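Contents: one structure, followed by commentary.
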Amino acid sequence: MAHDEVVKRYSGLARAALTGKVIVDCEADDFDQGCFGTAGYGDTSGVPEGALRASLGCGDPVAVAELRSGETVLDLGSGGGIDVLLSARRVGPCGKVYGLDASPDMLELARANAAQAGATNVEFLHGTIEAVPLPGHSVDAVISNCVINLSDDKPAVLAEAFRVLRPGGRFGVSDVVTDGPVDPVRRAAAEQRVGCVAGSLTIDEYRDLLRAAGFVGISIRRTADHGDGVHSAIVQARKPSIGPGLEIRPMREVDAAQVLAIYQAGLDTGQASFETVAPSWEGFTAGRLPHLRYVAVDTETNEVVGWAAASLVSTRPAYAGVIEHSVYVHPGCQAHGIGRALLTAFIAAGEDAGIWTIQTGIFPENTASLTLHQALGFRVLGTRERVGCHHGVWRDVLLMERRSTVVGT
Ligand SMILES: C[S@@+](CC[C@H](N)C(=O)[O-])C[C@H]1O[C@@H](n2cnc3c(N)ncnc32)[C@H](O)[C@@H]1O
């Protein structure tokens, strides 16, 4: 179903709920017969009648979100607000829960329910789950109940969830999934019976999309069985953590796919290099020194979140200790000290290996990289003006260099 049709459909249901009707999302009457609602919950005490009547979920994401006092939560497609209100009780007065919905009528219903519940730590936002109106790294948990299946751009939804989560943040949603491909006739029959099936993913597709977005620790657990290979499921994943859970270690062959994916993600920003396509693993390893390749890894999951590597600038003996390096951090994990940790470790390893000068070229627009390198002892030697053409634009490159004070003195 196209986005506008989805919004129209749920706006109609919201208006019915505002008049006091119990609303359902399919042709059955309640969850036990197939259709979704409050029957998917263990405990709804304290939630106003209006929010219970409007519940259109397919499970209980709050039950698995492991919410703690003071945390910030985002509910994607918050509808009448049931999961926002349940979460608000868990995070307490020092926490905050955002409900996001594309339907103004649903928002009106949710705000009325929140007022009735006396909830002061909640805020309902108008917008889409494909373009979340919150800054990056601003929430501890993303929850959602039977909404992601409705989106016609699920990679964007998962990318947005990843973006807004803090490192180590949790993704815990209830959704509808299928065991495998479901033929259109059975899919349509299941849609009539339980709703929320038309755009549902297979479990494997869901896992692949979560992985591509950068999530780790992925688990998809079937809950209710709706027949025809259709299930409600609890989907959980985590954004890689840093700090105590971060390890810098030598790059291994098994890291190849993740290293190249991070490389490509960096190139896609347009600020990392003149290159536009990451090389093959053979191409990557060919020019780079084997003993100076490092990755930053999430120790719990072994997911690579960044890498650094280098090549010699010349084969002439006089330059034996002069290298040119690259450092790339997964775009979803930037601004959390990973680049600094990687580069610090890399410099130390280089000095251990007898490297006295590290060179690099940085686009002047890449201020984050410039600042990082300057903080770690690199200086700008000069600007190579309009030295290369990138996506049709002639661009300058700052030449930077770090001269060791302990090697080759
Ligand atoms: C099946 S209802 C679930 C509502 C709520 N999560 C619950 O459990 O009761 C889907 C909700 O998601 C909203 N929605 C659907 N697609 C959306 C999108 N792309 N962006 C934001 N909200 C969306 C609809 O307006 C509706 O309120």
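Note that this is a predicted model, so its numbers are computed, not measured. Heads up: numbering here begins at 1 and tracks the sequence. Numbering of ligands and ligand atoms starts at 1, following listing order.
Using a 4.5 Å cut-off on side-chain heavy atoms (C-beta onward), V73 and V139 make no contact. Residues Y10 and L56 meet the side-chain proximity criterion, which asks for heavy atoms closer than 4.5 Å. Looking at heavy atoms from C-beta onward, L376 lies in side-chain contact with I347 at the 4.5 angstrom threshold. Residues T383 and L399 have side chains not in contact (no heavy-atom distance under 4.5 Å, counting atoms from C-beta outward). Between Q374 and V380 the shortest side-chain heavy-atom distance falls below 4.5 Å.
The contact set between ligand 1 and S103, taken as ligand atoms under 4.0 Å from a residue heavy atom, comprises 25 (O). Heavy-atom proximity to H3, at under 4.0 Å, picks out these atoms of ligand 1: 18 (C), 19 (N). Atoms of ligand 1 found under 4.0 Å from any heavy atom of S55, numbered from 1 in the order shown, are 9 (O). Within ligand 1, the atoms closer than 4.0 Å to a non-hydrogen atom of G57 are 7 (C), 8 (O), 9 (O), numbered from 1 in the order shown. With ligand atoms numbered from 1 in the order given, ligand 1 contributes 5 (C) to contacts under 4.0 Å with heavy atoms of S78. Near C146, meaning under 4.0 Å from any of its heavy atoms, are these atoms of ligand 1: 1 (C). Set against the non-hydrogen atoms of V6, the atoms of ligand 1 under 4.0 Å away are 15 (C), 16 (N). Close contacts between ligand 1 and L150 involve ligand atoms 10 (C), 15 (C) [criterion: under 4.0 Å to a heavy atom].
Under 4.0 Å from ligand 1, heavy atoms of I129 appear from its side chain as well as its backbone. Counting heavy atoms closer than 4.0 Å to ligand 1, residue V147 contributes side-chain atoms (C-beta onward) but none from N, CA, C or O. Here D83 has side-chain heavy atoms under 4.0 Å from ligand 1, and that is the only part of it that gets that close. Here T128 has heavy atoms under 4.0 Å from ligand 1 in both its backbone and its side chain.
Among all heavy-atom pairs drawn from V230 and T178, the shortest one is CG2-CG2, 4.1 Å.
E401 and T357 form no side-chain donor-acceptor contact under 3.5 Å, judged by distance and modelled atom types alone. Between Y206 and D175, the side chains place a donor N or O and an acceptor N or O closer than 3.5 Å (distance only, hydrogens not considered).
Here atom 24 (C) of ligand 1 lies nearest to D101 when heavy atoms of D75, D101, V7 are compared. Checking G199, A102, G81 against atom 22 (N) of ligand 1, the nearest heavy atom belongs to A102.
With S151 contributing its side chain and I148 its backbone, the two residues share no donor-acceptor pair below 3.5 Å. Within the 3.5 Å criterion, the main-chain N or O of R252 finds no donor-acceptor partner in the side chain of R293. A donor-acceptor pair under 3.5 Å is absent between the side-chain atoms of S55 and the main chain of L52, judged by distance alone.
Residue R386 qualifies as open at atom CZ: its count of foreign heavy atoms under 6.0 Å is 12 or below.
Note on ligand 1: S144 sits outside its first shell, no heavy atom being nearer than 4.0 Å. In this structure, S151 has no heavy atom closer than 4.0 Å to ligand 1. Proximity of G80 to ligand 1 is not established, as no heavy-atom distance is less than 4.0 Å.
Using bins of under 30°, 30° to 60° and over 60° for the plane-to-plane angle, the ring pair F363/H390 lands in the tilted bin. Between F378 and H325, the angle of the ring planes lies from 30° to 60°, which puts this pair in the tilted group.
Residue L56 places at least one N or O, backbone or side chain, under 3.5 Å from an N or O of ligand 1. Checking only distances, Y41 never comes within under 3.5 Å of ligand 1, N or O to N or O. In terms of polar-atom proximity, defined here as any N/O pair under 3.5 Å, L76 makes no such contact with ligand 1. For ligand 1, the polar-atom distance check against I82 finds no nitrogen or oxygen pair separated by under 3.5 Å.
In terms of protein heavy-atom proximity, atom 2 (S) of ligand 1 is nearest to Y10 CE2, 3.6 Å. For atom 5 (C) of ligand 1, the closest non-hydrogen atom on the protein side is G77 O, 3.4 Å. Scanning the protein heavy atoms around atom 3 (C) of ligand 1, the nearest turns out to be N145 O, 3.5 Å.
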